[in-house]
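Some notes on the structure that comes next.
In what follows, every chain begins at residue 1, and chains take the letters A, B, ... in the order their sequences are listed.
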Amino acid sequence: MSVVVAKNIRKSFGALEVLKGVSLTVEGGEVVALIGRSGSGKSTFLRCLNGLESVDSGEIEVAGHGMSRKPAELRQLRRDVGIVFQSYNLFPHLTAGENIMLAPVQVKCMGKDAARAEAKRCLALVGLGDRFEAYPDMLSGGQQQRVAIARSLAMQPKVMLFDEVTSALDPELTGEVLAVIENLARDGMTMLLVTHEMGFARRVANRTIFMKDGVIHEEGPSAEFFSAPKTPELQAFLRSEVG
Amino acid sequence: MRTFGSPEFLFIVYALRWTLSLTVLAFVGGGIMGIVLALLRIARSRTLRTITSFYMQVIQGLPLLVLLFLCYYAPSLFGIEIAALTAAAIALTINSSAFLGAIWESALRAIPKAQWESADALALTPYKTLRFVIAPQAIRLALPSTVGFLVQIIKQTSLASIIGFIEITRAGQLVSNATFEPLKAFLSVAALYFAVCFPLTQFSLWLERRTARRGAGT
Ligand SMILES: Nc1ncnc2c1ncn2[C@@H]1O[C@H](COP(=O)(O)OP(=O)(O)O)[C@@H](O)[C@H]1O
């Protein structure tokens, strides 16, 4: 079953057309990596999928919800779509545990005890079972990002979107975050991730997509995509990323 | 003729409850209105934002004394007698609402857009986002200036003496007239203002240092 269906998405910021007809289907359990030069529209596309950006034209269906401009319908869609940002965006006045409990309690009307148990489970999943009471500013960037992942997981999303989640981290901290994502992939989570980590995309993603100037320039199963890139543009991009 | 003794001093001290009552009325009334104004200032509707901004600028540009006279004398044009306390409370409320509204508006705006966005992505309603994510952070930010403005209100209540409301400044004036000892009378008044305002100012400074420390930590 397709979890994400995007058809011919177009999006402009003022006079700048950022997405020029992007179509993509992601099946349940699939991991898809989005790569490309900065400014090619990867983040914008990802943000369109949960309605953080509105599209100018095209169709989007995510986890069985059609994209809507109506706030209540949009919230229904967002309950099933987790997103993790480059800058973590934890709520600084809440502990790690409270960050995770907030949406299950306030959106899903889960009881406090059940939400606490769920938060503990999600924290353990990202390897932070002992940091429930820690405030974000007491955690390293890598730990904050893992809490952010746990916060999304607690809503039991049908698909997770990752927007350059390791780009703000020191190199020695990216590994722990990538390991968490790799575990999720192994557990069968459907994921779409914008990344600069080529090795990671090659290893973890079933499929990789190269975006250029607002369109999908080349895509394919990760193994072939990286070992035998077809277009000269992708070849040039991969060369520049490696060396 | 009376001399300045403890009965005179106590007369001024007793008037302190009116200074404080007026302060509480203005702070609570101005606070409630200020919350509404701050929220209107970040509303989606541009018209609402513009109207609110206009109101706030008009009030902020008006000397409080003029506002006080308007509140006291305007009703009598319509044959309505209004107590000095009521007029003073209304004038101070209106005045405080504009300033508190501005303080809280800027605190709300200081919360990064990414916080709204994260809450949106978690499917929280705008109300719950405000209540659980934005307001707690904004309140922490705005607390030092809010307490600072409370001190301003306390001092502003002295203007109510001009329309005959007997708070401590007016009480000091009455004692001064009766004893011909203005220095003692007004030093007593000053001491009382200081006794009330000083701890609040210290509290505000402490809050500010605490906020700055937390800010530096992140
Ligand atoms: N909110 C916005 N307003 C105006 N321009 C934007 C906005 N968001 C992104 N852009 C522009 O859209 C283009 C694509 O950005 P983005 O999707 O972030 O690319 P990528 O993720 O591939 O680096 C960039 O030129 C960027 O400056």
Side-chain angles (χ1 to χ4, degrees), chain A residues 43 46-47 49-53 62-63 65 71-94 98-109 135-141 144 147-148 150-157 160-163 168, chain B residues 35 38-40 42-49 103-147 206-218:
Chain A
S43 291
L46 209 64
R47 292 162 57 84
L49 294 180
N50 75 343
L52 284 179
E53 302 288 354
V62 184
H65 307 275
E73 288 175 14
L74 195 51
R75 283 196 293 276
Q76 284 302 321
L77 180 147
R78 285 172 173 165
R79 286 169 69 142
D80 290 332
V81 184
I83 186 165
V84 182
F85 303 95
Q86 182 176 342
S87 50
Y88 342 130
N89 304 350
L90 292 180
F91 306 132
H93 61 298
L94 301 178
E98 290 165 342
N99 262 278
I100 300 172
M101 286 168 64
L102 181 64
V105 171
Q106 296 302 332
V107 177
K108 287 188 155 180
C109 304
Y135 282 92
D137 63 4
M138 297 155 61
L139 300 171
S140 74
Q144 288 188 55
V147 173
R151 181 173 69 176
S152 279
L153 289 178
M155 288 296 279
Q156 273 143 9
M160 288 281 289
L161 310 174
F162 293 88
D163 190 0
Chain B
I35 290 171
L39 292 178
L40 286 172
I42 59 163
R44 203 164 296 171
S45 151
R46 197 198 167 99
T47 321
L48 280 180
R49 292 202 306 267
I103 290 172
W104 296 339
E105 175 196 342
S106 65
L108 287 173
R109 286 187 194 282
I111 307 304
K113 239 186 103 210
Q115 293 281 308
W116 287 94
E117 212 164 60
S118 295
D120 262 357
L122 288 167
L124 267 79
T125 59
Y127 167 74
K128 287 189 170 173
T129 301
L130 194 62
R131 170 155 170 218
F132 295 108
V133 177
I134 306 300
Q137 299 183 57
I139 288 169
R140 196 170 290 179
L141 272 182
L143 212 52
S145 340
T146 304
V147 175
W206 177 79
L207 286 170
E208 203 160 314
R209 278 196 302 272
R210 198 189 61 159
T211 311
R213 236 194 345 263
R214 277 200 75 86
T218 48

B:Ser118 to A:Phe91 - nearest heavy-atom pair and separation: CB-CE2, 3.9 Å
Contacting region of A:Asn89 [heavy-atom separation from chain B under 4.5 Å]: both
Side chain, backbone, both or neither of A:Val84 within contact of chain B (heavy atoms, under 4.5 Å): neither
Top contributor to chain B contacts, counting heavy-atom pairs under 4.5 Å, from A:Lys108, A:Met155, A:Arg75: A:Arg75
Any donor-acceptor pair under 3.5 Å from A:His93 side chain to B:Ile134 backbone: no
Closest heavy-atom pair and its distance - B:Asp120, A:Arg78: O-CD, 3.2 Å
Minimum heavy-atom distance A:Val107-B:Ala123, with the two atoms named: CG2-O, 3.5 Å
Contact class of A:Phe85 relative to chain B, heavy atoms under 4.5 angstrom: side chain
Chain A contact residues among residues 104-117 of chain B, heavy-atom distance under 4.5 Å: B:Ala114, B:Gln115, B:Glu117
Option in A:Ile83, A:Asn50, A:Leu77, A:Leu102 with maximal non-hydrogen atom pairs under 4.5 Å from chain B: A:Leu102
Spatial distance of atom CG (B:Leu122) from atom CZ (A:Arg79) [nearest 0.5 Å]: 12.0 Å
Heavy-atom proximity to chain B below 4.5 Å, by part of A:Arg47: side chain
Engaged part of A:Leu161 at the chain B interface, taking heavy atoms whose separation is under 4.5 Å: neither
